[in-house]
Amino acid sequence: MSDKLEIQGKIEGILFAIGESLAIKDIAEALGEKESLIKEVIDDMKTFYATKERGIQIVTLEDRVQLRTKDDYYDDLIKIATTPKKNVLTDSVLETLAIVAYKQPVTRIDIEKIRGVNSDFGINKLLEYGLIKELGRLDAPGRPLLFGTSEQFLRVFNVDSIEDLPQISSDLIEDFKAQAESELNYKVEV
């Protein structure tokens, strides 16, 4: 039989990591302890958290138990939890987004050919932020994923459709080509 404090720590860790209610019998089984001992330890934990100025509590819901924020602190929690996260687009992620926006539908390999570097990070960040989405698969060997912009992209950049994106002037395109060629020549000479 394990020490009660050790069992308490294990239960606390499990409940914290899971975040949802768990059946007491499942906890007992996972820890290899009797259900009656687990109930006793949980009761001790409830008393401990109730008597201390703690931000969490143990609640039992029928034959289940959960670790959660005390009701007294709910308003403070909501202030933090509802604060929107500010996603920052680095230059490389922004470059990847521009390629997707102007070349869509586009594959990862097409993006990497244009950028000249691996673009996994940028694509994954853009998917995470909801700015791009998977449009399907290209009918080619390996069936690579196709990416395009999402509704969230239109909202964030305040455009009604991708047709409303600013057009790149032909002079600017020629400048970009010349710059790319000089960079390519520089890499070859070095």
request  = Would you check if Phe147 and Glu134 make a side-chain contact, meaning some heavy-atom pair closer than 4.5 Å?
outcome  = yes
query = How long is the span from the CD atom in Glu95 to the CD1 atom in Ile111, to the nearest 0.5 Å?
reply = 10.5 Å
Separation between CG of Leu15 and CZ of Arg68, rounded to the nearest 0.5 Å = 12.5 Å
pair Leu89-Leu131: side-chain heavy atoms closer than 4.5 Å = yes
Evaluation steps, salt bridge (Lys or Arg N to Asp or Glu O under 4.0 Å), between Glu112 and Arg108 = CA-CA 6 Å; Glu112 290 175 354; Arg108 182 181 308 264; 5.4 Å; no
message = Main chain of Arg115, side chain of Ser119: is a donor-acceptor contact present, judged purely on distance under 3.5 Å?
response = no
message = In the structure I gave you, are the side-chain heavy atoms of Tyr129 and Val88 within less than 4.5 Å of one another anywhere?
response = no
task = Flag the pair Asp71 / Gln57 as yes when at least one side-chain heavy-atom distance between them is below 4.5 Å, and no otherwise.
result = yes
request  = Would you name the heavy atoms of Val93 and Gly122 that are closest together and state the gap between them?
outcome  = CG2-CA, 4.0 Å
task = Using a cut-off of 6.0 Å, state whether more than 12 heavy atoms not belonging to Glu29 lie near its atom CD.
result = no
message = Could you see if Leu94 belongs to whatever hydrophobic cluster contains Val156? Use Ile, Leu, Val, Met, Phe, Trp, Tyr and a side-chain cutoff under 4.5 Å.
response = yes
request  = For the residue pair Leu165 and Tyr102, establish whether any side-chain heavy-atom pair is separated by less than 4.5 Å.
outcome  = yes
message = In this structure, would Ile114 and Ile123 fall into the same cluster of hydrophobic residues linked by side-chain contacts under 4.5 Å?
response = yes
key: Over all atoms of both residues, closest heavy-atom pair of Asp120 and Asn118   = N-OD1, 2.7 Å
remark   = d(Ile27 CD1, Glu33 CD) to nearest 0.5 Å is 12.0 Å
message = If I take atom CG from residue Leu126 and atom CZ from residue Phe153, how far apart are they, to the nearest 0.5 angstrom?
response = 9.5 Å
query = Within the distance-only criterion (no hydrogens, no angle test), does the side chain of Arg137 pair as donor or acceptor with the backbone N or O of Arg143 below 3.5 angstrom?
reply = yes
ask   = How many angstroms lie between atom CZ of Arg155 and atom CG of Asp160, to the nearest 0.5 angstrom?
value = 12.0 Å
ask   = Roughly how far, to the nearest 0.5 Å, is the CZ atom of Phe48 from the CD atom of Gln8?
value = 7.0 Å
message = Assess, by modelled atom type and distance only, whether the side chains of Ser161 and Glu163 contain a donor and an acceptor separated by less than 3.5 Å.
response = yes
message = Would you say that more than 12 heavy atoms from the other residues, nucleotides or ligands in this model lie under 6.0 Å from the CG of Asp72, or not?
response = yes
inquiry  = Hydrophobic clusters here meaning ILVMFWY residues chained together by side-chain heavy-atom distances under 4.5 Å, can you tell me if Leu97 and Leu154 are in one?
reply    = yes
ask   = What pairs meet the side chain to side chain donor-acceptor pair (under 3.5 Å) rule with one or both residues in residues 16-25, with sequence neighbours excluded?
value = Ser21-Arg64
message = Looking at Gln104 and Thr149, would you say the former's side chain and the latter's main chain have a donor-acceptor pair under 3.5 Å?
response = yes
ask   = Going by atom types only, do Thr60 and Lys46 share a side-chain donor-acceptor pair under 3.5 Å?
value = yes
task = Dump the intermediate steps for side-chain hydrogen bond (donor to acceptor under 3.5 Å, both in side chains) on Asp44 and Thr47, then the final yes or no.
result = CA-CA 5 Å; Asp44 292 345; Thr47 303; 5.6 Å; no
ask   = Do Ile58 and Tyr73 belong to the same hydrophobic cluster, where Ile, Leu, Val, Met, Phe, Trp and Tyr are linked whenever their side-chain heavy atoms lie under 4.5 Å apart, directly or via other members?
value = no
inquiry  = Quick one, Ser150 and Ile132 - any side-chain contact, counting heavy atoms below 4.5 Å?
reply    = no
query = Mind checking whether Ile38 and Ile24 have side chains closer than 4.5 Å, heavy atoms only?
reply = yes
query = Is a donor on one side and an acceptor on the other found under 3.5 Å between the side chain of Lys70 and the backbone of Arg54?
reply = yes
query = Minimum heavy-atom separation for Val106 to Lys103, with atom names?
reply = CB-O, 3.9 Å
query = Are Ile11 and Ile56 in one and the same hydrophobic cluster, where Ile, Leu, Val, Met, Phe, Trp and Tyr link if side-chain heavy atoms are under 4.5 Å apart?
reply = yes
